[in-house]
Amino acid sequence: MEEELIEEMVDIERPGLLEWLLPQLPPTVLSVLTILLIAVLLCGWKAPRWVKPIGSIAVAFAFLSHAWLYLTACPDIIKAGEISPTVMIPGFQMANIVLLYGLVVFLMSRIIVIIQKSRI
């Protein structure tokens, strides 16, 4: 009986990185950050003055959503009592991906501003 369970666990196919990562991230936050990334790229081409403020909005939104994820998770952690770090760490990693994505949008906006200033 135990050998069969062990064989079933070994035979389970593990999902790829994107198949595992995307369902766990908050879709509305990522959608807003993606729209801001597209806006930064389009404004770099059409409206150069808007690049810097949109990048700042993206990083502010990422920090706010990052804080919101932690604030919504804390009551559940308190209710559950003692939780194993192997359960909590992946959740914290998922929350950090939102922050990193916002910082990438911010850095792209700053790079576009630097490139535009060098042309003048």
Side-chain angles (χ1 to χ4, degrees):
M1 180 88 172
E2 291 178 13
E3 293 175 3
E4 293 174 5
L5 290 174
I6 292 173
E7 288 177 12
E8 286 180 20
M9 290 178 67
V10 171
D11 290 339
I12 294 175
E13 292 182 21
R14 293 187 179 199
L17 180 65
L18 286 178
E19 294 170 354
W20 174 77
L21 183 67
L22 290 179
Q24 298 183 26
L25 294 173
T28 54
V29 173
L30 293 180
S31 298
V32 170
L33 288 173
T34 302
I35 289 169
L36 289 171
L37 175 64
I38 292 169
V40 163
L41 296 175
L42 289 176
C43 288
W45 179 40
K46 287 289 190 180
R49 290 184 182 180
W50 291 7
V51 173
K52 203 171 188 179
I54 291 175
S56 299
I57 290 170
V59 77
F61 183 76
F63 274 111
L64 287 174
S65 62
H66 187 259
W68 181 258
L69 289 171
Y70 279 112
L71 288 175
T72 56
C74 284
D76 295 333
I77 293 171
I78 291 170
K79 285 179 190 175
E82 292 184 19
I83 298 178
S84 171
T86 58
V87 173
M88 286 193 336
I89 299 284
F92 290 144
Q93 288 175 339
M94 293 302 128
N96 288 336
I97 288 174
V98 170
L99 183 62
L100 289 174
Y101 190 34
L103 289 173
V104 165
V105 175
F106 179 73
L107 288 175
M108 297 246 334
S109 72
R110 295 303 181 220
I111 290 169
I112 290 172
V113 167
I114 289 171
I115 291 171
Q116 288 173 343
K117 283 188 177 183
S118 67
R119 289 184 183 178
I120 298 175

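One distance of note links CD1 of Ile112 with CG of Leu107; it measures 11.0 Å at 0.5 Å rounding. Atom CG of Leu99 and atom CG of Leu64 lie 11.0 Å apart (nearest 0.5 Å).
Side-chain heavy atoms closer than 4.5 Å link hydrophobic residues (I, L, V, M, F, W, Y) into clusters, and following such links, possibly through other members, connects Ile57 to Val29. Val105 and Val32 fall within a single hydrophobic cluster, where Ile, Leu, Val, Met, Phe, Trp and Tyr side chains are chained together by heavy-atom contacts under 4.5 Å.
Among all heavy-atom pairs drawn from Val98 and Ser65, the shortest one is CG1-OG, 3.2 Å.
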Which pairs would a plain distance check flag for residues 35-55, meaning a side-chain donor or acceptor within less than 3.5 Å of a matching protein atom at least two apart in sequence or in another chain?
none

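For residues 101-111, the set of pairs meeting the side-chain hydrogen bond (donor to acceptor under 3.5 Å, both in side chains) definition, not counting sequence neighbours, comprises Thr34-Tyr101, Ser56-Arg110. For the ring pair (Phe, Tyr, Trp, His ring centres under 6.0 Å) condition, the pairs that include at least one residue of residues 66-100, sequence neighbours left out, are His66-Tyr70, Tyr70-Phe92.
A 4.5 Å side-chain heavy-atom check between Val59 and Leu103 finds at least one atom pair inside the cut-off.
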